[in-house]
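Scroll down for the structure; my scribbles are underneath it.
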Amino acid sequence: MPIPLVVPDASVLLKWVLPSDDEPDADKALLLRAAIVDEAVRALLPALWLYEVGNTIARRFPTHASEWLSALMKFDLEEAPRSHPWLAKTVDLTRRFDVSFYDAAYHALALLHNGVFVTADTRYVNQVSESGSVIALSEWQPPRTRPSRPRRKRSSS
């Protein structure tokens, strides 16, 4: 069974490092992070993720910026190479749903790689839901894990 692919956006990645008492659904973001670390899901990101997350952290929490961004970089998250199909899909989503290119960049990866775009931006989810492959962080559930060893059948006596 293939490992499910998730494309978490900046709104989710920020919850990995920001103080959780200020962040709605931080528990879900940390569950997603654990699933990625445990390789229960595979994460894929557009290369712009670090710039988007870095912009927010450096502006809102300048004294923690280096430390928190370094912590995020240590996850060594897989970045998808730019491609013409990705660019075309990103532009299409941006135009069709009147959303930002940044948001569409993550979503396009999920669509092209048969994954799911996970975002805390419920407005975006509602705006583009008909395109598929998108879920609000609050709705995301970790994959069910199979038992590590087969269960024995009970013998009927």
Side-chain angles (χ1 to χ4, degrees), residues 1-20 23-61 64-97 99-125 127-129 131-146 148:
M1 175 190 281
I3 297 174
L5 176 77
V6 294
V7 181
D9 74 352
S11 69
V12 174
L13 298 172
L14 283 164
K15 293 175 190 302
W16 293 8
V17 293
L18 296 182
S20 60
E23 291 296 317
D25 298 315
D27 55 335
K28 287 285 189 143
L30 296 177
L31 272 176
L32 177 58
R33 183 180 77 183
I36 292 166
V37 168
D38 294 343
E39 298 180 355
V41 299
R42 176 180 155 226
L44 184 64
L45 301 170
L48 64 84
W49 78 269
L50 183 59
Y51 304 99
E52 191 175 11
V53 170
N55 182 60
T56 300
I57 291 175
R59 292 177 74 181
R60 285 181 51 198
F61 304 94
H64 298 286
S66 293
E67 175 191 348
W68 291 355
L69 290 167
S70 293
L72 285 170
M73 288 174 58
K74 285 180 185 170
F75 286 104
D76 199 24
L77 298 165
E78 182 183 353
E79 293 180 7
R82 294 179 315 230
S83 69
H84 291 290
W86 166 79
L87 181 61
K89 180 58 77 177
T90 302
V91 170
D92 176 60
L93 289 167
T94 301
R95 180 190 52 76
R96 196 161 47 132
F97 296 104
V99 294
S100 81
F101 185 90
Y102 299 106
D103 293 336
Y106 294 90
H107 192 181
L109 279 181
L111 288 163
L112 291 173
H113 294 273
N114 298 312
V116 64
F117 172 41
V118 182
T119 179
D121 184 349
T122 54
R123 197 180 94 233
Y124 181 89
V125 173
Q127 221 167 325
V128 303
S129 60
S131 64
S133 295
V134 60
I135 190 169
L137 175 61
S138 60
E139 303 296 318
W140 183 82
Q141 293 293 322
R144 297 188 194 279
T145 54
R146 292 183 288 171
S148 55

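FYI, side chains are in, hydrogens and waters are out, and symmetry mates aren't considered; it's all heavy atoms of this structure.
Under a 3.5 Å cut-off, the side chain of His107 and the backbone N or O of Gly132 do form a donor-acceptor pair. Listed for the Asp103 side chain is no donor-acceptor partner under 3.5 Å among the backbone atoms of Tyr106. Looking only at distances, no side-chain donor or acceptor of Lys15 sits under 3.5 Å from a matching main-chain atom of Glu23. Looking at Asp9, its side chain does come within 3.5 Å of a backbone N or O of Ser11 through a donor-acceptor pair. Listed for the Trp68 side chain is no donor-acceptor partner under 3.5 Å among the backbone atoms of Leu18. Checking side-chain atoms of Asp121 against main-chain N and O of Tyr124 turns up a donor-acceptor pair under 3.5 Å.
Partners of Arg42 according to the side-chain hydrogen bond (donor to acceptor under 3.5 Å, both in side chains) rule, which considers only residues two or more places apart in sequence or in another chain, are Glu78. Every residue meeting the side-chain hydrogen bond (donor to acceptor under 3.5 Å, both in side chains) condition with Glu79, not counting sequence neighbours, appears here in chain and number order: Trp49. Residues satisfying the side-chain hydrogen bond (donor to acceptor under 3.5 Å, both in side chains) test with Arg123, not counting sequence neighbours, are none.
For the atom pair CG of Asp92 and OG1 of Thr94, the computed distance is 8.5 Å after rounding to the nearest 0.5 Å. One distance of note links NZ of Lys89 with CG of Leu87; it measures 12.5 Å at 0.5 Å rounding. Annotation: the span from Glu67 atom CD to Ile57 atom CD1 amounts to 10.0 Å, rounded to 0.5 Å. Interatomic distance, Leu45 CG to Leu77 CG, rounded to the nearest 0.5 Å: 5.0 Å. Expressed to the nearest 0.5 Å, how far OG of Ser133 lies from CG of Leu112 amounts to 9.5 Å. With values rounded to the nearest 0.5 angstrom, Leu31 atom CG is found 11.0 Å from Ile36 atom CD1.
Using a 4.5 Å cut-off on side-chain heavy atoms (C-beta onward), Leu111 and Phe117 make no contact. Counting only heavy atoms from C-beta outward, the side chains of Val53 and Val17 never approach each other to under 4.5 Å. Here the side chains of Val41 and Pro143 are in contact, with some heavy-atom distance below 4.5 Å. Taking 4.5 Å as the limit, every side-chain heavy atom of Val12 sits out of range of all side-chain heavy atoms of Val6. Leu5 has its side chain out of reach of Asn114: every pair of non-hydrogen atoms, C-beta onward, lies at least 4.5 Å apart. Taking the side chain as every heavy atom from C-beta outward, Val91 and Phe101 approach each other to under 4.5 Å.
Of all heavy-atom pairs between Lys28 and Ser138, the closest is NZ-O, 3.4 Å. Considering all non-hydrogen atoms of both residues, Leu69 and Gly54 come closest at CD2-CA, 3.6 Å. The two residues Ile3 and Glu39 have their closest heavy-atom pair at CD1-O, 3.7 Å. For Ala43 against Pro8, the heavy-atom pair with the smallest separation is CB-CD, 4.3 Å. Pairing each heavy atom of Ala104 with each of Thr90, the nearest pair is CB-O, 3.6 Å. Between Ala110 and Val116, the closest heavy-atom pair is CB-C, 3.7 Å.
More than 12 heavy atoms of other residues, nucleotides or ligands lie within 6.0 Å of CZ in Phe75, so this atom counts as buried by the packing criterion. The environment of CZ in Phe97 is crowded: more than 12 heavy-atom neighbours from other residues, nucleotides or ligands sit within 6.0 Å.
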